[in-house]
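Below, all heavy atoms of this structure are taken into account, side chains as well, without hydrogens, waters or symmetry copies.
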Amino acid sequence: EAMIFCLVHKMDLIPKAQREMIFQKRKEELEHLSKPLKISCYATSIWDETLYNAWSKIMSLLIPNVGDLNLKLKKFADHINADEVLLFEKATFLVVAHHMRKAHSDAHRFEKISNIIKQF
């Protein structure tokens with residue numbers, strides 16, 4: 001079964017107070033137009049982490065054994081007593097899987113880590 005992903009882009013141009021409402025409206029329109037197929041929608045912008053996060057989610061949805069990867073990352077994190085463990089895709093450095101044992105306040109950390117790793 002095919003997966004359909006819709007990125008509703010340029011959300012940064014919409015006032016913050018209206019973004020969620022407008023995104024939900026666009027999402028409902030797209031869901032209606034795509035029936036009976038199911039779609040996944042993401043609100044994105046090139047000016048923040050939303051585009052990176054959307055592509056990371058899409059990438060992980062396309063990997064058939066991502067649940068196994070997450071379980072193995074959990075075991076690995078528990079074994080080494082790590083707060084968090086990430087698995088990046090080699091070519092794009094998108095997050096494929098991760099396990100978090102301790103809450104983090106930085107919502108941008110995956111993209112920041114990805115950019116740091118790309119430097120090497």
Main-chain N/O of Ala82 paired with Arg101 side-chain donor or acceptor, under 3.5 Å = yes
ask   = Going from OG on Ser34 to CD on Glu29, what distance comes out if it is rounded to the nearest 0.5 angstrom?
value = 11.5 Å
message = Would you say Leu86 ends up clustered with Ile80 if hydrophobic residues are merged whenever their side chains have heavy atoms under 4.5 Å apart, either directly or through other cluster members?
response = yes
ask   = Under a single-linkage rule joining Ile, Leu, Val, Met, Phe, Trp and Tyr whose side-chain heavy atoms are separated by less than 4.5 Å, which residues share a cluster with Ile116?
value = Phe120
key: Leu69-Met100 co-clustered via ILVMFWY side chain contacts under 4.5 Å   = no
request  = Indicate yes or no: at least one non-hydrogen side-chain atom of Leu87 is less than 4.5 angstrom from one of His98.
outcome  = no
Check: Lys102 and Glu84 side chains under 4.5 Å, non-hydrogen atoms = no
query = Cluster partners of Leu30, using ILVMFWY side-chain heavy atoms under 4.5 angstrom, listed by chain and number?
reply = Ile4, Val8, Met11, Ile14, Met21, Ile22, Phe23, Leu37, Ile39
query = Among pairs that include at least one residue of residues 50-65, which meet side chain to side chain donor-acceptor pair (under 3.5 Å), considering only residues two or more places apart or in two chains?
reply = Asp48-Thr50
query = Who are the side-chain contact (heavy atoms from CB on, under 4.5 Å) partners of Ile46, not counting sequence neighbours?
reply = His9, Leu51
Under 3.5 Å, which donor-acceptor pairs do the side chains of residues 89-97 form with other protein atoms, sequence neighbours left out?
unit_1	atom_1	unit_2	atom_2	d
Glu89	OE1	Ala91	N	3.1
Glu89	OE1	Thr92	N	2.6
Glu89	OE1	Thr92	OG1	2.6
Glu89	OE2	Ala91	N	3.3
Thr92	OG1	Leu94	N	3.3

request  = Take atom CZ of Phe76 as the centre, draw a 6.0 Å sphere, and report whether it contains more than 12 heavy atoms from other residues, nucleotides or ligands.
outcome  = no
request  = Drop me the distance from Glu49's CD to His108's NE2, to the nearest 0.5 angstrom.
outcome  = 4.5 Å
query = Under a 4.0 Å N-O cut-off, is there an ion pair linking Asp68 with Lys72?
reply = no
note = Residue set satisfying side chain to side chain donor-acceptor pair (under 3.5 Å) with Ser114, at least two apart, ordered chain then number -> none
key: Side chain to side chain, His99 and Asn70, heavy atoms closer than 4.5 Å   = no
task = Could you grab the distance from atom CD of Gln18 to atom NZ of Lys25, nearest 0.5 Å is fine?
result = 11.0 Å
ask   = Would you say the side-chain atoms of Gln24 and Glu20 include a donor-acceptor pair closer than 3.5 Å?
value = yes
request  = Give, for atom CH2 of Trp47 and atom CG of Asp12, the distance between the pair rounded to the nearest 0.5 Å.
outcome  = 8.0 Å
message = Surrounding NZ of Lys16 (heavy atoms of other residues, nucleotides or ligands, distance under 6.0 Å), is the total greater than 12?
response = no
message = Using the rule that Ile, Leu, Val, Met, Phe, Trp and Tyr join whenever any side-chain heavy atoms are under 4.5 Å apart, tell me whether Val85 and Leu71 fall into a single cluster.
response = no
ask   = When rounded to the nearest 0.5 angstrom, what distance separates OH in Tyr42 from NZ in Lys27?
value = 9.5 Å
query = Would you find more than 12 non-hydrogen atoms of other residues, nucleotides or ligands less than 6.0 Å from His79 atom NE2?
reply = no
